[in-house]
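In what follows, a single structure is set out as structure tokens and then discussed.
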Amino acid sequence: MKPIVDILEERVVSVIAEVTGEVAPGVVKPTQDAKFGDYQANGIMGLAKKLKQNSRQLAQQIVDKLDVSDMCAEPEIAGPGFINFRLKPEWLGFRLTEAIKDKERLGIDPLDNPPTTVIDFSGPNIAKQMHVGHLRSTVIGDVIARILEFWYGDAKKIIRQNHIGDWGLQMGMVIFSMHTKKWREENNITLDNLEHVYRHANELAKNNPGIAENFKQSTVNLQSGDEKETGYWKKACEVSLNACMEIYQQLGVKLTLEDVRGESFYADKLPSVISDLSVAKMLSESDGAQCVFMDGFKTKDGEPLPLIVQKSDGAYLYATTDLAAIRFRVNELRADRIIYVTDARQKLHFEMVFSCVRKAGWAGENVTLEHVPFGSVLGNDGRPFKTRSGENIKLRDLLDEAHQRARKIVEEKNPDLPADQKESIAQAVGIGAVKYADLSNNLVSDYIFDWDRMLAFDGNTAPYVQYSYARVDGIFKKGNIDLDNLIQGDFHIELNDPKELSLAKLLLRYGEVVETVARDLRPHLLTNYLFDLAQAYSGFFETCPVLKSPEPVKTYRLLLCYQTARVVEHGLGLLGIQAIEQM
RNA sequence: GCGCUCGUAGCUCAGUGGAUAGAGCAACGGAUUUCUAAUCCGUAGGUCGCAGGUCCGAAUCCUGCCGGGCGCGCCA
């Protein structure tokens with residue numbers, strides 16, 4: 001089914017062409033205020049200006065030729081030349097029926113010829129616990145992957161890439177310590193212990209050049225394939241990645257070991273990055289380092305800013321790895337589109353890397369390169385979110401706390417539920433709250449992490465949206481409703497009550513929203529929509545009895561409930577948040 | 001210094017050229033023998049940081065300024 005805005009837009013555009021001979025957009029949008037109807041076309045004013053015509057008169061000519069009588073009441077001309085559309089209740093009922101019958105896609109068409117898309121997100125480091133700094137990339141990247149998967153209608157077109165930090169000096173530090181027999185005897189190889197040696201090594205290296213030399217040697221040994229070093233390295237990776245997978249599972253993030261392709265994977269592809277840049281005559285030496293200079297990048301002194309691809313000591317940098325990764329993704333993974341979900345602070349870095357691969361011709365015009373930057377997570381004081389002692393907050397602890405806080409609330413609200421159900425509710429609500437809070441903000445802005453607000457049951461929160469689903473389900477349970485039977489065969493829906501109408505209109509906008517979110521990669525539009533929908537449902541729930549209503553109203557309302565539940569469940573699903581039947 | 005980014009109600013935020021700028025929280029006032037009140041309805045609350053400009057129309061685009069955050073050669 002084509003979204004309603006698109007249908008109206010097309011018709012307006014075609015009448016504009018018929019009346020004026022111009023190809024001009026209708027600029028059809030949902031109205032901001034119900035008194036202007038449901039949708040409005042704003043394009044006439046601009047066009048009238050361009051044609052030096054009176055905009056109201058032009059609007060009148062358009063309306064005279066415009067046939068939308070199947071879906072709308074007679075369009076109205078308002079103000080300087082707005083055209084307002086009011087959808088007919090019968091047509092809404094018809095559309096809703098269509099959407100209900102489409103069990104897989106809820107009446108939303110998949111994109112034609114979707115591009116093969118690589119999404120690079122999460123990117124934790126080996127030998128370090130995942131902490132709050134990884135939260136947003138992981139959560140947002142997962143949501144983008146889920147949304148594009150649905151929009152594309154073809155999961156094979158989405159390639160998740162977890163570009164983990166598993167190479168370089170940091171690894172040498174850890175491995176060197178593992179190398180000593182003493183350490184192995186005294187420590188199990190756990191992530192906690194790995195992290196401990198990593199930190200310890202970092203401190204040692206700072207004021208002990210001898211030790212630092214050992215770390216470097218360990219790194220060199222690893223990179224040249226030394227068997228023993230490689231064995232320790234593999235062990236460290238295994239332990240770390242298992243811990244990551246636990247976090248992903250707890251978070252409900254669809255990342256697996258198969259999505260991991262870390263820095264080490266590109267290690268043997270780095271020399272050719274340098275040599276190919278050299279052949280392309282893009283390489284220059286500056287202070288002993290191999291650099292690429294591109295137009296438009298300047299240092300603080302106004303000098304050209306280099307993209308350094310090889311340090312003066314011969315070592316490669318993350319820019320080199322990113323360049324190699326793009327080549328691999330374009331050539332081997334056959335990516336048409338590559339999306340990076342990282343901190344906004346890396347914006348300049350990606351601009352330079354993208355500019356470099358364009359210049360080198362490694363990614364042609366048919367490949368889209370996108371950086372989706374996001375802001376930081378702040379504490380209540382507006383400073384970066386840390387523990388009291390200034391440490392990064394471990395994701396494991398954060399998620400446990402979410403679970404515990406939610407558990408406590410469930411205990412208060414619904415003490416009679418069985419313990420295991422309380423647990424699963426606490427899990428869904430706690431994790432959902434954390435993710436929803438993250439996603440409901442505009443990506444680029446920093447956001448304040450506030451337990452009480454995200455776990456509140458009123459306001460734009462996961463629990464509020466989840467509750468609307470639980471309420472629908474309560475009706476089905478109470479009424480012993482057989483849903484398969486309800487939506488079987490031919491049925492139609494009549495809408496009369498204003499609350500039914502506003503709920504139905506919102507339900508039918510789901511496709512528009514999904515498309516916008518997928519196109520612009522802005523998840524908060526989806527949370528806003530789900531909140532609006534949950535509110536509309538609450539309003540309906542208060543004033544429109546379902547089970548107590550006589551037929552056929554009862555069936556119409558049950559169908560509205562059914563579709564509400566589906567859209568909420570589906571929408572939350574795109575956000576990686578669980579809908580729950582009871583709270 | 002240059003660049004990026006943000007500045008909207010007391011607080012947290014929507015609103016990426018359209019009509020009288022919207023929610024939620026907090027505040028105040030109402031609704032409950034319920035289909036889950038984990039809710040709903042109402043009231044109040046604004047020089048959209050400031051000043052110019054473009055436009056039929058600007059919170060939105062442009063310029064300048066003020067304020068916050070971030071970035072700016074061998075970390076990632």
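Numbers restart at 1 for each chain; the letters A, B, ... are given by sequence-line order, proteins then strands.
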Please check if the number of heavy atoms outside K359(A) that lie under 6.0 Å from its NZ is greater than 12. yes
Below 3.5 Å, does any donor atom in the side chain of [X] face an acceptor in the base of [N], or the other way round?
| X | N | result |
| --- | --- | --- |
| K35(A) | U20(B) | yes |
| Q40(A) | A19(B) | yes |
| Y318(A) | A76(B) | yes |

With nearest nucleotides of RNA chain B determined for I44(A) and C544(A) from heavy-atom distances, which residue corresponds to the more 5′ nucleotide? I44(A)
By nearest-nucleotide position on RNA chain B, the 5'-leaning member of A78(A) and D532(A) is A78(A)
Map every base of RNA chain B to its dot-bracket character, where paired means a Watson-Crick or G-U wobble contact with both distances under 3.5 Å and | marks a partner outside the strand. (((((((..((((....[...)))).(((((.......))))).....(((((..]....))))))))))))....
Looking at R383(A) and D381(A), does any basic side-chain N land under 4.0 Å from a carboxylate oxygen? no
Angle class for the F449(A)/F385(A) ring planes (parallel below 30°, perpendicular above 60°, tilted otherwise)? parallel
Classify the side-chain pair D322(A)/H349(A) by whether it contains a donor and acceptor separated by less than 3.5 Å. yes
So H349(A), base contact, sugar-phosphate only, or nothing? Heavy-atom distance under 4.0 Å.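 Here H349(A) touches no strand at all.
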What is the nucleic acid contact for N84(A), judged by heavy atoms within less than 4.0 Å: base, sugar-phosphate only, or nothing?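 Answer is base: heavy atoms of N84(A) come under 4.0 Å of a base.
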